[in-house]
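To start, the structure under review is shown below, and the notes come after it.
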Amino acid sequence: MMPVRYDLIDSQTAKVVDSFKTRDRAYRAADRKDAAYGAVRYIVRPVWAD
């Protein structure tokens, strides 16, 4: 079973910044945001259907 979506989460505020349908797009966005911030700050968490 595949996750419904992937949430991009700010690890300092614990808030969902964005959501993506594919894992690849989510991790690319996290890498871009981490590079802009200058350190690892964003994490990707899969969201499963109930």
Side-chain angles (χ1 to χ4, degrees):
M1 186 180 213
M2 297 285 292
V4 176
R5 69 178 188 273
Y6 296 87
D7 285 344
L8 182 62
I9 300 170
D10 184 340
S11 62
Q12 291 186 352
T13 63
K15 293 187 178 181
V16 176
V17 178
D18 207 347
S19 295
F20 298 90
K21 287 187 177 181
T22 63
R23 184 180 66 146
D24 187 49
R25 287 188 58 141
Y27 278 103
R28 284 179 189 234
D31 288 343
R32 265 195 313 274
K33 287 184 177 289
D34 285 341
Y37 181 69
V40 177
R41 178 174 180 170
Y42 298 91
I43 57 173
V44 175
R45 183 172 298 150
V47 177
W48 301 90
D50 290 337

Give me the other members of the hydrophobic cluster that [X] sits in, counting Ile, Leu, Val, Met, Phe, Trp and Tyr linked by side-chain heavy atoms under 4.5 Å, directly or via other members.
| X | value |
| --- | --- |
| Ile9 | Val16, Ile43 |
| Met2 | none |
| Met1 | none |

List the atom of Ala29, the atom of Phe20, and the distance in Å for their closest heavy-atom pair.
->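 Result for this residue pair: CB-CZ, 3.5 Å.
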Minimum-distance pair of heavy atoms, taken over all atoms of Leu8 and Ala30 |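 What the structure gives for the nearest pair is CD1-CB, 3.5 Å.
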Keeping to residues at least two apart or across chains, list the side-chain hydrogen bond (donor to acceptor under 3.5 Å, both in side chains) pairs with something in residues 25-40.
->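 Residue pairs passing side-chain hydrogen bond (donor to acceptor under 3.5 Å, both in side chains), neighbours aside: Gln12-Tyr37, Asp24-Arg28.
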Residues which pass side-chain contact (heavy atoms from CB on, under 4.5 Å) with Thr13, listed by chain and number, not counting sequence neighbours =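 For Thr13, the residues satisfying side-chain contact (heavy atoms from CB on, under 4.5 Å) (neighbours in sequence not counted) are Asp10, Lys15, Arg41.
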Non-neighbouring partners of Val4 that pass side-chain contact (heavy atoms from CB on, under 4.5 Å), sequence neighbours left out =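 Val4 satisfies side-chain contact (heavy atoms from CB on, under 4.5 Å) with Ala49 once adjacent residues are dropped.
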Side chain to side chain donor-acceptor pair (under 3.5 Å) involving Thr22 - partner list, sequence neighbours excluded =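 Result, side chain to side chain donor-acceptor pair (under 3.5 Å) vs Thr22: none returned.
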Please list, chain by chain and in numerical order, all residues satisfying salt bridge (Lys or Arg N to Asp or Glu O under 4.0 Å) with Arg5, sequence neighbours excluded.
->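 By the salt bridge (Lys or Arg N to Asp or Glu O under 4.0 Å) rule, Arg5 matches Asp7.
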